[in-house]
Amino acid sequence: MSIEGRGSKCHCSSDTEDKMSRRDFLNLSALWTCVGAWVLTTMGLLKFPKPALLPDPSRTFKIGKPEDFPVGTSKILDDKKVLITRDAQGISAVSLVCTHLGCIVQKEVNGFSCPCHGSKFDAQGDVIGGPAPRGLSWLEVSQVPGGKLVVNAAKRVAVGTKFTV
Amino acid sequence: MPIKKFFKNLIELPHTFLQSFIRHDKPTSDRARSHVVFSNFFLHTISTRIHRYSLKPTFTFGLGVIAASSFIILCVTGVLLMVYYKPAVNLAYDSIKDIQYIVPSGRFIRNVHRWATNIMIVSVFLHMARVFYTAAYKKNRSFNWVIGIVLLALTLMMSFTGYLLPWDQLAYWAVTIATNIAASFTELTDALNITQVFDPGGFVKILLLGSNDIGQDALLRFYWLHCIVLPLVLVMFLGAHFWRVRKDGGLARPEHLTDKDLEGTPKDPLSDKVFAHAPQKTYGLMCLVKGKSPAVGRSPEQTVSSWPHLMIRTVALFMLTFAAICVYSYFLDAPLREMANAAVPENPAKAPWYFLGLQELVSYSAFMGGVGIPTLALLGLALIPYLDREEQEIGRWFDNKEGRRVALVSFFFTAVVVIAMLVLTVSFGWLRNWFPKIPQLIITFVNPGTVLLSFFVFWSFYCMAKYKSTRMAAIALFTCFLVSFVILTYFATYHRGPNWNFYWLHSQWPIH
């Protein structure tokens, strides 16, 4: 290789531009094999921190028989964070988890309010003030054989949906 | 006789052993002390001689050293707390209570750990402000500024992950809010109605919590991040940060210094000396020292020995920091509420004070306040040295009269705009209160937070046009950032009560 005062040209390139010495070729292949191995290993590990099985309690839960909720009932299930209401049209379940940042909203005379950032919802759960991006979730209510009612907290239904017993 | 030699060696053992690990003479002269600094692993982070200007108290205020000192204190107390702390949901709270009430001096150590966090965060912010306002991010120091911003982010993450560990009400709800902020990309995908197919928010949340809710997995992940991952990463970045300060030729300083500039700084016999045999040629020291090569034909003037001048100041700052934290910890206990209860939120559920400015923004829009604006702010801060590349004198507070003027005017501009915005929001609400049916997408992009941001950006461009200088624009924007951060933090700390309502005083909060 000729050095022609053009700065320190790397001597890993050979006389002609497109010809590479065997040594350089092997060195470079070794290097890229290392890089490839590392990249593939890292990619293989990428899924590691995402749990394959969530440890959460089931989001579908039984709440009791329809008789436990006579017409006119409005009952908050603290541990499930839902409000169960029964009126003439049927039974409905509304999630009490604020759609803003996950605090538990409090039932007020005519709606709900969130203690964390002051979101306000009307009796239907629609937003009337504060930072909540959408209304409270109405959850699917169904009945299993044997008569018990089941709420599926993972499944949102249209506002006003009621399960007729 | 070998046996004789053996006994001789045995008698000399203490001496030879000492000599084998201390590889220099007694530090009795400047030269010997320089040799110690040069050859000792721990001391070689500092140079043997340091410029007098770098020791000027009113130039640095020792903020970097204070931040590093509080980090050391946090490491030591943190390691001590790990002896008794148990990262399990049914044990964590009780173990903190044990530390607080039973473990000998446990309460004091926990207090020190808690209050040192405050000192670290305040000093990191002020250190950043010092570096910015003295233009010390220029002249080859750009990347060290970026490392500094990474360190700022790491510091905040350390504090955030530590907040969950006591597993009390305060921790549980502040972290619920914070992780939902991290997941608030959902606000945007919900508004676009694509969450079912594309949900980066939910993914981040599961990655952070190991679950959909805060539980055992979340506690363990936070513990792991707080005690292993983040400290390790932080230490590595800190090492690089120090290394670069050293390799960039010490702290930034003006090229032309007057006697007045050096008033109140130490001197030694060599400071003013001009060597007869000063170098006549310059060498870039193995390409390691960036920027201009050492002076030609001049002595290393206006420098003093790092030992004792720098060392004594560093140790003094460490001791002062430690003493202040100790006094604070003696009188004030770290907060500990009732045990975490997933059914009843704290009201108000406030994050630690340094996150409250963000929480105020979050109370306008979760995504913009919690993700959008902070990301823009951090990105903007990191890119300052690349967007403002003006050649200028570095190492002077606010550069000159003009800089001082821009900073002052920006201060008043920001104060007025932020306070006006808060008054407006508190008294009249925002779009949702006026038009209940308004689409969320509009609120996400037009809320008090984004309006403030656009005011600041506009102001910065105005200053750029008026002074024809990117540095002045940077000063304007940085001042806006700093002042709004302080005002919002103050406002959310003292004037937000239950339901995030406005109260003049804490004593006006309703009782429930």
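In the text below, chain A, chain B and the rest are named by the order of the sequence lines, each starting its count at 1.
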- prompt: So does A:Lys148 have more than 12 non-hydrogen atoms from other groups sitting under 6.0 Å from NZ?
  reply: no
statement: Heaviest contributor of heavy-atom pairs below 4.5 Å to chain B, chosen from A:His100, A:Gln106, A:Lys80, is A:His100
field: Portion of A:Lys50 that has a non-hydrogen atom of chain B nearer than 4.5 angstrom
entry: both
- line: Applying a strict 4.5 Å limit to non-hydrogen atoms, the region of A:Cys116 in contact with chain B is both
statement: Ranking B:Asn212, B:Thr179, B:Leu441 by heavy-atom pairs under 4.5 Å to chain A gives rank one to B:Asn212
task: Please look at B:Ile181 and chain A and tell me whether the side chain, the backbone, both or neither of the residue comes under 4.5 angstrom of a heavy atom of that chain.
output: both
- prompt: In Å and rounded to the nearest 0.5 Å, what is the CG to NE2 distance from B:Asn501 to A:His117?
  reply: 12.0 Å
query: Rounded to the nearest 0.5 Å, what separation is found between the CG atom of A:Leu101 and the CD1 atom of B:Ile177?
result: 6.5 Å
- prompt: Is a donor on one side and an acceptor on the other found under 3.5 Å between the side chain of B:Asn499 and the backbone of A:Gly118?
  reply: no
Atom group of A:Ile128 that falls short of 4.5 Å from chain B, counting heavy atoms: backbone
Residue selection (most heavy-atom pairs with chain A, distance under 4.5 Å) from B:Thr176, B:Val362, B:Asn433: B:Val362
message: On a heavy-atom basis, which atom in A:Gly102 and which in B:Asn180 lie closest, and how many Å separate them?
response: CA-ND2, 3.6 Å
task: To the nearest 0.5 Å, tell me how far A:Asp56 CG sits from B:Ser211 OG.
output: 3.5 Å
query: Any donor-acceptor pair under 3.5 Å linking the side chain of A:Arg134 with the backbone of B:Gln440?
result: no
- request: Please flag which part of B:Phe367 lies under 4.5 Å from any non-hydrogen atom of chain A: side chain, backbone, both or neither.
  value: neither
- prompt: Got more than 12 heavy atoms from elsewhere within 6.0 Å of CH2, B:Trp434?
  reply: yes
- prompt: Which distance, rounded to the nearest 0.5 Å, do you find between the CH2 of B:Trp500 and the SG of A:Cys103?
  reply: 10.5 Å
task: Would you check, one step at a time, whether the test side-chain contact (heavy atoms from CB on, under 4.5 Å) holds for B:Val344 with A:Ile104?
output: CA-CA 7 Å; B:Val344 187; A:Ile104 309 301; over 6 Å; no
query: So which part of B:Gln216 gets closer than 4.5 Å to some heavy atom of chain A, the side chain, the backbone, both or neither?
result: neither
query: Closest approach of B:Ser363 and A:Pro131, non-hydrogen atoms and distance?
result: O-CB, 3.2 Å
statement: Applying a strict 4.5 Å limit to non-hydrogen atoms, the region of B:Asp190 in contact with chain A is side chain
message: I need the minimum non-hydrogen distance between B:Glu187 and A:Pro133, along with the two atoms involved.
response: CG-CB, 3.8 Å
- prompt: Take atom CD in B:Gln508; do more than 12 heavy atoms of anything else shown fall under 6.0 Å from it?
  reply: yes
- request: Assess whether atom CH2 of B:Trp224 is packed by more than 12 heavy atoms of other residues, nucleotides or ligands within 6.0 Å.
  value: no
B:Arg496, part contacting chain A, at a heavy-atom distance under 4.5 Å: neither
message: Tell me if the OH atom of B:Tyr503 is crowded by more than 12 foreign heavy atoms within 6.0 Å.
response: yes
